[in-house]
> 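Following this message is one structure expressed as structure tokens.
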Amino acid sequence: MRVLDGKATAAAIRSELRAQCEAMQARGERVPKMAVVLVGDDEASALYVQHKLDACLSVGIEAECIHLSGETSESALIDIVERLNADTSIDGYLVQLPLPKHISEGRVLERISWRKDVDGLTAENIGRSVLGKTAIESATPRGIRELMARYGITTEGKHIVVVERDTEDGEASLLLPNVVDKPLASLMLLNSLERNATVSLCHAGSPNLKEMCRTADILIVAASRPGLIKGDMVKEGAVIIDVGMTRINGQMHGDVDRESVAEKCGYLSPVPGGVGPMTVAALLMNIVEATK
Ligand code: GUN
């Protein structure tokens, strides 16, 4: 089994982006500038935001955090979104999710200009991606695509199985369904059109989950159910991409039971150190491209 090392791959991407930013500066061009809007004092969100800001600065992207109180009203937040849309010094921005319960994430996201939506999670960007139009690709699927490409993994003629979460009624945040599930499934479908792959979309609770997974040449699991995928569910030599992210006692857990899967699969992206760092690297790629 080979490890798909997201940490090392993301570091390589960051050094390429740093070179691009230095070249922009050397040509007398403005360097990319990004903003992150953080509402409230959720510790995990603040940590994620700091991580994104640090990643920007490490490649020469200017980054600014707009930190608002948890009491901020939806209309005040939308005013800030509109201001960022109009601000020509900002090339891209994101609104960190989840938002406090009194704010509708859907209504806020739909006001973000798609050209500045570096998360690639607005309806316009997801729709444009599906239609094959110029779009900013969602960062998680882009990170996965990039990770596979850099290890020479092709999708030509393969069976790609994507395992998503079971959708819960009245889901509070659009974070996982919109940031991961839908863009991931649609990107894999698009990829399959180009490369004659077959794409199957399952859910954690699909009754035939085991059978489906056992036929996967490439298995992408984003179910947020630690240990869901066991060794007897994977095909010999398969590529396994673990997108699971469940925090238990401060520790991040993926969806794959690494011990039993490792002896069967060909490649495995670990948690932590696989898709996570690649998502941040893809975000940086999106910012640099939004600037261009
Ligand atoms: N919160 C955790 N991950 C993400 C992400 O990728 N984008 C946004 N906007 N919020 C997040």
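Order of appearance sets the numbers: ligands from 1, and atoms from 1 within every ligand.
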> Would you call E62-R30 a salt bridge at under 4.0 Å N-O?
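Not counted as a salt bridge, because no side-chain N and carboxylate O are separated by less than 4.0 Å.
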> For ligand 1, which part of M245 has a heavy atom less than 4.0 Å away: the side chain, the backbone, both, or neither?
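No part of M245 comes within reach of ligand 1.
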> Between D91 and K116, is the closest basic N to carboxylate O distance under 4.0 Å?
no
> Which pair of non-hydrogen atoms, one from T291 and one from I287, has the smallest distance, and what is that distance?
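Closest approach of T291 to I287, heavy atoms only: OG1-O, 2.8 Å.
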> Below the 3.5 angstrom mark, is there an N/O of L94, backbone or side chain, next to an N/O of ligand 1?
no
> Do any nitrogen or oxygen atoms of D119 come within less than 3.5 Å of a nitrogen or oxygen of ligand 1?
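Right, the criterion is met.
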> Judging by distance only, is a nitrogen or oxygen of L97 under 3.5 angstrom from one on ligand 1?
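Yes; the residue has a nitrogen or oxygen that sits under 3.5 Å from a nitrogen or oxygen of the ligand.
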> Thinking salt bridges, do R142 and E289 make one under a 4.0 Å N-O criterion?
yes
> Taking all atoms of both residues into account, what is the closest heavy-atom pair of D255 and A223, and its distance?
OD2-N, 2.7 Å
> Hey, does Q96 come in under 3.5 Å of ligand 1, counting only N/O atoms on both sides?
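Among all N and O atoms of Q96, at least one is under 3.5 Å from an N or O of ligand 1.
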> Ligand 1 versus L283, non-hydrogen atoms closer than 4.0 Å: side chain, backbone, both, neither?
neither
